[in-house]
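Reviewing the structure listed below.
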Amino acid sequence: MQTMNRHIGIVGGGPGGLLLARLLQRRGVKVTVLERDSHAAERPQGGSLDLHDETGQKAMQAAGLEDAFMACARPEDQGDRLYDETGRLIFDHDGHGMNRPEIDRGDLRRILLESLRPGTVRWSQRVRGVTVSGKKVSVLCPDGPELYDVVIGADGAWSRVRPFLTEIGPAYAGVVFLELGFEEKRDPHPATLVGRGKMFAVGDNRALILQRNGGGHIRFYAGMRMAEEAALALREVSPKSARAHMAQNFSSWSPDLRRLLAEGDFLGVRPLYAMPIGTKWRAHPAVMLLGDAAHLMSPFSGEGVNLALADALDLANALMKENGMTSLQDYEAVLISRAERAAMRAASGLAKVFSSHGAAPVLAHYQERLAGG
Ligand SMILES: Cc1cc2nc3c(=O)[nH]c(=O)nc-3n(C[C@H](O)[C@H](O)[C@H](O)COP(=O)(O)OP(=O)(O)OC[C@H]3O[C@@H](n4cnc5c(N)ncnc54)[C@H](O)[C@@H]3O)c2cc1C
């Protein structure tokens with residue numbers, strides 16, 4: 001059956017799933033997005049994302065959304081600063097020459113949602129899994145199974161579509177984040193540290209990270225190595241206790257940096273997980289994966305959303321081709337090798353930030369990047 005005559009179900013209305021829906025809908029394909037959230041504003045969408053020219057930006061262009069993206073993007077927020085644990089600034093770059101404009105996640109999701117026909121996204125659809133029945137794929141939705149010709153798992157880290165294709169799932173990456181939010185107007189201190197973009201303060205197996213978002217908002221992550229059990233337990237304690245526990249682990253750091261842990265609004269505790277690098281799955285003509293569902297990685301390559309958008313573009317192109325399974329296998333081969341390279345960078349980035357060598361490996365990384373390495 002040609003793609004034009006098929007009904008495609010996309011599980012997950014994150015950046016990858018929504019962009020795929022947009023690309024297919026523009027080509028006349030019937031598409032439904034099944035999203036767990038009850039409405040677009042149910043939960044804050046998280047920090048700022050930078051879109052890279054060869055992946056995220058290219059995918060937005062292919063969807064005819066580059067103007068909408070540029071209208072909300074912040075090219076002025078591409079700077080990088082690095083401090084050591086004494087609070088000494090050891091690297092400061094204002095971001096000139098970079099082409100990775102930042103955009104708030106909420107803005108990106110809104111642009112993608114507004115680009116779809118009304119009713120494309122069905123909210124409150126927490127999918128429990130998929131099975132195949134005859135030539136159809138059955139999606140287990142809250143009100144019972146629904147049948148589609150093709151189903152795409154774009155449902156992120158804890159995908160319920162992935163188990164149909166592989167038994168492999170995410171493994172703990174060894175690091176936990178405590179996440180806080182600041183408003184520049186209320187508290188100018190983080191803004192003076194972060195400058196225009198991001199800052200890392202790196203010490204012995206620990207890091208404090210600030211990231212400038214739109215509208216004067218600044219996101220803060222305190223990260224450290226911790227066993228998985230302890231990280232999961234930290235998620236269960238009160239915000240006050242989680243903050244105090246983390247602060248204890250930074251007690252030898254400069255007061256200026258440590259202050260960050262006492263201030264700001266509590267946003268959560270986030271243990272980091274990643275799929276094993278290079279994970280492959282069984283090919284199926286009617287069930288596919290994209291984005292984090294396929295290749296979750298730690299955020300230290302800064303490529304997760306870019307890969308999700310690039311996957312969506314490649315998958316839309318593959319689905320429109322006449323040679324069915326062959327082009328889908330080509331899609332999966334491209335996706336897997338592209339993600340494998342990024343996941344290696346993410347794993348090496350995490351190892352540089354959380355090492356017993358303090359800020360030196362991160363400084364070397366920034367200097368290499370400036371020198372074009
Ligand atoms: C702390 C942190 C910082 C990051 N920073 C960056 C960065 O700077 N740059 C970058 O490129 N990437 C970054 N990432 C990674 C990036 O957020 C992800 O790679 C990206 O969001 C993946 O997009 P996606 O569409 O595949 O999945 P998601 O964004 O996870 O979207 C999945 C969607 O599926 C829905 N869903 C989940 N389960 C179900 C279900 N059972 N049924 C129906 N719907 C479901 C969810 O509600 C969600 O809307 C970061 C990640 C973290 C954790």
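Count residues from 1 along the sequence. Remember, it's 1-based here, ligands and their atoms both numbered in the order they're listed. Keep in mind it's a predicted model, so treat the numbers as computed, not measured.
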Verdict with supporting geometry, Glu183 and His217, side-chain hydrogen bond (donor to acceptor under 3.5 Å, both in side chains): CA-CA 5 Å; Glu183 300 306 327; His217 181 71; 2.9 Å; yes
Derivation of the salt bridge (Lys or Arg N to Asp or Glu O under 4.0 Å) call for Arg162 and Asp155: CA-CA 9 Å; Arg162 189 200 296 128; Asp155 47 344; over 6 Å; no
Intermediate values then yes/no, side-chain contact (heavy atoms from CB on, under 4.5 Å), Arg212 and Glu102: CA-CA 9 Å; Arg212 193 175 271 283; Glu102 295 279 339; over 6 Å; no
Intermediate values then yes/no, salt bridge (Lys or Arg N to Asp or Glu O under 4.0 Å), Arg109 and Asp37: CA-CA 13 Å; Arg109 198 184 208 200; Asp37 292 349; 3.3 Å; yes
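With hydrogens and angles left out, the side-chain atoms of Asn317 and Arg27 include a donor and acceptor closer than 3.5 Å. For Tyr273 and Glu228, the side-chain atoms include at least one donor-acceptor pair closer than 3.5 Å. Side-chain atoms of Thr86 and Asp84 include a donor-acceptor pair closer than 3.5 Å. Side-chain atoms of Thr120 and Gln25 include a donor-acceptor pair closer than 3.5 Å. Judged by distance alone, the side chains of Arg74 and Ser48 do bring a donor and an acceptor atom under 3.5 Å apart. A donor-acceptor contact closer than 3.5 angstrom links the side chains of Asp94 and His96.
The protein non-hydrogen atom at the shortest distance from atom 18 (C) of ligand 1 is Asp292 OD2, 3.3 Å. In this structure, atom 8 (O) of ligand 1 lies nearest to the protein heavy atom Ser48 O, 3.9 Å. Remark: minimum distance from atom 42 (N) of ligand 1 to any protein heavy atom is reached at Val127 N, 3.0 Å. Taking atom 3 (C) of ligand 1 as the reference point, the nearest protein heavy-atom neighbour is Pro299 CB, 3.7 Å. Summary of contacts: the protein heavy atom closest to atom 45 (C) of ligand 1 is Arg36 CB, 3.5 Å. Shortest contact from atom 27 (O) of ligand 1 to any protein heavy atom: Gly156 CA, 3.8 Å. Atom 39 (C) of ligand 1 has as its closest protein heavy atom Asp155 CB, 3.8 Å. Atom 53 (C) of ligand 1 has Arg270 NH1, 3.5 Å as its closest protein atom, hydrogens excluded (heavy atom only).
An N or O contact shorter than 3.5 Å links Gly302 to ligand 1 by distance. At under 3.5 Å, not a single nitrogen or oxygen of Gln211, backbone or side chain, sits near a nitrogen or oxygen of ligand 1. Checked by distance only, ligand 1 and Gly16 come closer than 3.5 Å through their nitrogen or oxygen atoms. The distance criterion of under 3.5 Å between nitrogen or oxygen atoms is not met by Ala308 with respect to ligand 1. On a distance-only criterion, Tyr221 and ligand 1 share no N/O pair closer than 3.5 Å. At under 3.5 Å, a nitrogen or oxygen of Gly304, whether backbone or side chain, sits near a nitrogen or oxygen of ligand 1.
By the criterion of a heavy-atom distance under 4.0 Å, neither the backbone nor the side chain of Ala293 is placed next to ligand 1. Under 4.0 angstrom from ligand 1, the non-hydrogen atoms of Arg160 all belong to its side chain. Within the 4.0 Å heavy-atom criterion, the part of Leu34 lying near ligand 1 is the backbone and not the side chain. For Pro15, heavy-atom contacts with ligand 1 shorter than 4.0 Å involve the backbone as well as the side chain.
Distance OG1/Thr131 to CG/Leu147: 8.5 Å, rounded to 0.5 Å.
Taking each of Arg105, Arg128, Glu303 in turn, the one with a heavy atom nearest to atom 21 (O) of ligand 1 proves to be Arg105. Nearest to atom 47 (O) of ligand 1 by heavy-atom distance, out of His295, Arg122, Glu35, is Glu35.
Residues Met344 and Leu350 are members of separate hydrophobic clusters, defined by side-chain heavy-atom contacts under 4.5 angstrom among Ile, Leu, Val, Met, Phe, Trp and Tyr. At a threshold of 4.5 Å between side-chain heavy atoms, the hydrophobic network of Ile, Leu, Val, Met, Phe, Trp and Tyr places Leu65 and Val29 in one connected group.
Ligand-side atoms of ligand 1 in range of Asn306: 11 (O), range being under 4.0 angstrom from any heavy atom. Each of the following atoms of ligand 1 lies closer than 4.0 Å to a heavy atom of Gly14: 25 (O), 31 (O), 33 (C), 49 (O). Atoms of ligand 1 found under 4.0 Å from any heavy atom of Gln125 (numbered from 1 in listed order, with element): 42 (N), 43 (C). Near Leu49, the atoms of ligand 1 lying under 4.0 angstrom from a non-hydrogen atom of the residue are 6 (C), 7 (C), 9 (N), 10 (C), 12 (N), 13 (C). If you number the atoms of ligand 1 from 1 as listed, the ones under 4.0 Å from a heavy atom of Ala154 come out as 32 (C), 33 (C), 34 (O). When each atom of ligand 1 is checked for a heavy atom of Asp37 under 4.0 Å away, the hits are 47 (O). Against a heavy-atom cut-off of under 4.0 Å, Arg109 is close to the following atoms of ligand 1: 49 (O). Against a heavy-atom cut-off of under 4.0 Å, Arg126 is close to the following atoms of ligand 1: 42 (N).
Ring geometry, Phe354 versus Phe177: the interplanar angle falls from 30° to 60°, so the pair is classed tilted. Aromatic ring pairs are classed by plane angle as parallel below 30°, tilted from 30° to 60° and perpendicular above 60°; the pair Tyr366 and Phe91 is parallel.
The shortest distance between side-chain heavy atoms of Val132 and Phe164 falls below 4.5 Å. The closest side-chain heavy-atom distance from Tyr148 to Ile8 is not below 4.5 Å.
Residue contacts with ligand 1 include Gly13, since one of its heavy atoms falls under 4.0 Å from the ligand.
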